[in-house]
Participant: 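Got a structure here, written out as structure tokens. Questions coming.
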Amino acid sequence: MSDLKSALGEAVGAAFASAGLPAELGRVTPSDRPDLADFQCNGALAAAKAAKRNPREIAQAVAEALKGDSRFASFEIAGPVFINLKIAEGALSARANEIAADPRLGAGRVAAPRRVMVDYGGPNVAKPMHVGHLRASIIGESVKRTYRFRGDQVWGDAHFGDWGFQMGLLITALADAGRIGPFLAEGDGPFPADSPVTLADLDRIYPEASAKAKADETFRDRARKATAELQAGRPGYRALWKHFIAVSRASLEPDFASIGVSFDLWKGESDVDPLIPGMIAELEAKHLLVDDQGARIVRVARNDDKRDLPPLLVVSSEGSAMYGTTDLATILDRRREYDPDLIIYAVDQRQADHFEVVVRAAYLVGYAQEGGLEHIGFGTMNGPDGKPFKTREGGVLKLGDLIAMTKAKAAERLHEAGLGAELSEADFGETARKVAVAALKFADLSNHRSTSYIFDLDRFSSFEGKTGPYLLYQAVRVKSLLRKAADEGVEAGKIVIVEPAERDLALLLDSFDSALAEAYDKKAPNFIADHAYRLAQAFSKFYAACPILIAQPPVRASRLALAEATLKQLELALDLLGIETPERM
RNA sequence: GCGCCCGUAGCUCAACCGGAUAGAGCAUCCGCCUUCUAAGCGGACGGUUGCAGGUUCGAGUCCUGCCGGGCGCGCCA
């Protein structure tokens, strides 16, 4: 089973081959001129150039070879020699029925499944999730779902930041504040079982300590020393550190859950700490590790580099692991435990250089195959001023607050529209949450990940236009229709495409696989978002143009089947974006 | 200074190995609810794709230079 684009592409490719030309030139794409055709092939010009033949003659020969294929209603040569193809109604109807009966709604699978690790989210101990984590979480989640759905074996890993300098900062700041006396004792303890700090303490202390370290060298050096001591295993520090982790994670998981993000693995940087000595030994054995300014580094610059790439800092002058160290060790760990063919890092574009360094080091030491590590960067979510989003007070907006804000706005909008009045308070709250998540995620994922965008809550949560709530509305409208059909005992039947609106809808249903393939290849969920929107829009036109329940029985059954298939595909597309659809709104 | 990304309609954004008339949404204006959720649908208005060259039958897309914006450039992650 394949989509029309591929099926027709094969036919046209065969026609090219029969004319003595490469079959790849027969590639078919949706028409740029829907008024003239359904699909088009632009290969004749390229063929003419390569074979030094007249493009029109080639197109004629191809058209001739296609004659007799009943899937085409027509083929015409137009413009600067495009081959315009119109699909036969019978072939389109057949494809629509195929999609309606397919549990995968017309979506194919990858030819050769791979083992893929998606590293995303990037929460940190002691740092509450803020708007910067939003994109990492929702883009990574969507990529993970898309890869898994296309047939790969996929793991999502939160890659919990529990091992860096922020630990030393916290320990030092808390020690100075006299908060952690018992944990400062030398020796094996025992140490208090209760956390000496709350999350609110960490929220407040971390930014203060971080700022202080920038201004005060002595403080910074003490914090570095504390980091190294923690990593060396000082029992009191380890005990304290475990409290930090527990307190942090307790606040992170509900945030992730509320936006439909979950991880298969919640491995911390600390988990790979035991691998570091062996890794360093291997780097030494391969003569990759060199001493430099008191630190130990791996040089990854190449002669043909256009820029000065810094080395990978493996051991700091204080003897502690840096984030590059744990990133490299994590690759080693993953190779041993999961042996992925591909690791995808969904991390801010600003860290592109860092990942380039880590990736090169991993290739040098042989922890991954060339091409087996890929950083997919993304832009920032900006405020109205075009700069990374800040609160009115100039601080960083916490993710939990952002979600609460969006949910409140969604609830307000539902009330304005007089919707959800019949729902219980709990159902209404849950619907508002789904609408809020849809607003937030769709606004983000409908942009290409590489571009930054401006956060505009009013626009995102509008129920009109290209928004998450609009998509949910369309889905809910079909659900309502299907309930009514069920009440009236009307059943779906064989799809027969007749009306233009039905045609457009069927062609769009067919294009689902292309959208998924493109999102997959480019690691860019916006292609799925775009498909979902276009599908919702095509349905809405169909809904307005083609009455369903009051139509004559055969037409009614066909249209109902079309509506059902649309709903399923729309919900699937939304699910791949990480968006849940409510039953009513 | 070096490097990376971006510049498309008044605003927010798309655009499938380079292809026909560059598409949506918002905003503005005009229509459509005695049919299934009008949170909808139809239509109108809106463009020298930052500027200048180049390659090509053909450039928003590729190359060069310039202008404007964002970001990064070893001991924080």
Side-chain angles (χ1 to χ4, degrees), chain A residues 5 24 27 29-33 35-36 40 42 45-46 48-49 55 78-82 84 122 124 127 161 164-166 169 210 213-214 220 223-224 269 292-295 297 305-313 315-318 320 322-324 326-327 347-354 356-357 377 379-380 382 386-388 413-414 416-417 419 443 446-448 450-454 456 459 462-467 469-470 472-474 476-481 484-485 488 514-515 517-518 521-522 526-527 530 533-534 537 540-541 543-545 547-551 563 584-585:
Chain A
K5 186 176 114 170
E24 306 88 78
R27 198 171 67 99
T29 58
S31 177
D32 292 333
R33 295 284 306 271
D35 52 321
L36 300 179
Q40 67 186 61
N42 300 341
L45 263 165
K49 199 178 212 171
V81 197
F82 302 111
N84 280 341
N124 288 298
K127 295 188 201 169
F165 181 56
Q166 78 263 34
L169 280 174
S210 180
K214 278 174 190 153
R220 187 189 66 200
R224 274 193 196 145
E269 295 176 313
D292 191 89
Q293 299 170 34
I297 63 172
D305 279 344
K306 288 182 187 165
R307 62 193 191 283
D308 293 329
L309 215 51
L312 181 74
L313 192 61
V315 184
S316 81
S317 48
E318 282 294 336
S320 54
M322 308 301 294
Y323 74 137
T326 49
D327 281 351
V347 184
D348 195 316
Q349 182 60 27
R350 288 176 290 192
Q351 293 197 40
D353 281 356
H354 166 69
E356 179 64 20
V357 169
T380 51
N382 296 335
K387 307 232 172 189
R413 286 287 159 87
L414 285 167
E416 271 170 24
L419 282 173
S446 58
N447 296 320
H448 185 90
S450 69
T451 56
S452 297
Y453 67 93
I454 293 176
D456 182 342
R459 188 162 65 80
S462 167
F463 290 78
E464 292 163 19
K466 193 172 180 179
T467 67
Y470 167 87
L472 296 190
Y473 167 70
Q474 294 303 342
V476 165
R477 206 150 67 139
V478 188
K479 289 188 181 194
S480 165
L481 177 75
K484 192 155 187 180
E488 294 176 11
S514 293
E518 201 164 6
D521 291 339
K522 295 183 176 168
N526 63 303
F527 293 100
D530 193 53
Y533 177 68
R534 298 195 333 162
Q537 215 175 25
S540 199
K541 288 178 187 180
Y543 184 85
I548 298 166
L549 297 178
I550 59 165
R584 301 162 201 271
M585 55 190 274

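Letters A, B, ... mirror the listed sequences (proteins, then strands); counts begin at 1.
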Participant: For the side chain of Lys484(A), counting heavy atoms from C-beta on, which of U37(B), C36(B), C41(B) is nearest?
Facilitator: C36(B)

Participant: When you measure from the side chain of Asn42(A), which nucleotide among C36(B), C16(B), G19(B) comes out closest?
Facilitator: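 Selected nucleotide: G19(B).
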
Participant: With a 3.5 Å cut-off and no angle check, do the side chains of Arg413(A) and Ser462(A) form a donor-acceptor pair?
Facilitator: no

Participant: May I ask you to say whether Arg350(A) pairs ionically with Asp348(A), meaning some side-chain N is under 4.0 Å from a carboxylate O?
Facilitator: yes

Participant: For every nucleotide of nucleotides 72-77 of chain B, 5' to 3': is a protein heavy atom under 4.0 Å from its base (B), only from its sugar-phosphate (S), or from neither (-)?
Facilitator: S-BBSB

Participant: Which is more 5' along RNA chain B, the nucleotide nearest Asp35(A) or the one nearest Tyr453(A)? Just name the residue.
Facilitator: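 Here Tyr453(A) is the residue nearer the 5' end.
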
Participant: For C51(B), decide between syn and anti, treating a glycosidic angle within 90° of 0 as syn.
Facilitator: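 With its glycosidic angle more than 90° from zero, C51(B) counts as anti.
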
Participant: Is there a side-chain polar atom (N or O) of Gln537(A) under 4.0 Å from OP1 or OP2 of G25(B)?
Facilitator: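 Yes, such a contact exists.
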
Participant: Verify the contact: side-chain N or O of Ser450(A) to OP1 or OP2 of C5(B), cut-off strictly under 4.0 Å; return yes or no.
Facilitator: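 So the side-chain polar atoms of Ser450(A) never come under 4.0 Å of the phosphate oxygens OP1 or OP2 of C5(B).
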
Participant: Which nucleotide in the list C16(B), A38(B), A14(B) gets nearest to the side chain of Thr29(A)?
Facilitator: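 Nearest to the side chain of Thr29(A) among the choices is C16(B).
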
Participant: Quick check: do Tyr533(A) and Gln474(A) have side-chain heavy atoms less than 4.5 Å from each other?
Facilitator: no

Participant: What distance, rounded to whole Å, do you find between the two P atoms, one in A20(B) and one in G58(B)?
Facilitator: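 Roughly 14 Å separates the two P atoms.
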
Participant: I want to verify a distance call: between C4(B), A20(B), A38(B), whose nearest atom is closest to the Tyr543(A) side chain?
Facilitator: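 Nearest to the side-chain atoms of Tyr543(A), counting from C-beta on, is A38(B).
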
Participant: On RNA chain B, compare the nucleotides closest to Arg27(A) and Thr380(A); which residue's is nearer the 5' end?
Facilitator: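 In this pair, the answer is Arg27(A).
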
Participant: For G40(B) and Lys541(A) - does any side-chain N or O of the residue sit under 4.0 Å from the phosphate oxygens OP1/OP2?
Facilitator: no

Participant: Do the side-chain N or O atoms of Asn526(A) get closer than 4.0 angstrom to the phosphate oxygens (OP1, OP2) of A15(B)?
Facilitator: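 Result: yes.
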
Participant: Using Watson-Crick or G-U wobble geometry with both distances below 3.5 Å, tell me the partner of A44(B), or none.
Facilitator: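 Because both required distances fall under 3.5 Å, A44(B) counts as paired with U28(B).
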
Participant: So do the side chains of Arg307(A) and Asp353(A) get within less than 4.5 Å of each other, counting heavy atoms only?
Facilitator: yes

Participant: With side chains defined as the heavy atoms from C-beta onward, is the minimum distance between Tyr470(A) and Glu464(A) less than 4.5 Å?
Facilitator: no

Participant: Of the candidate nucleotides U37(B), C4(B), C36(B), which contains the atom at the shortest distance from the side chain of Tyr473(A)?
Facilitator: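 Between U37(B), C4(B), C36(B), the one nearest the side chain of Tyr473(A) would be U37(B).
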
Participant: When you get a sec, tell me which of C41(B), A24(B), A20(B) is the closest nucleotide to the side chain of Ala78(A)?
Facilitator: A20(B)

Participant: Respond yes when some side-chain nitrogen or oxygen of Thr451(A) is under 4.0 Å from OP1 or OP2 of A14(B), and no when none is.
Facilitator: yes

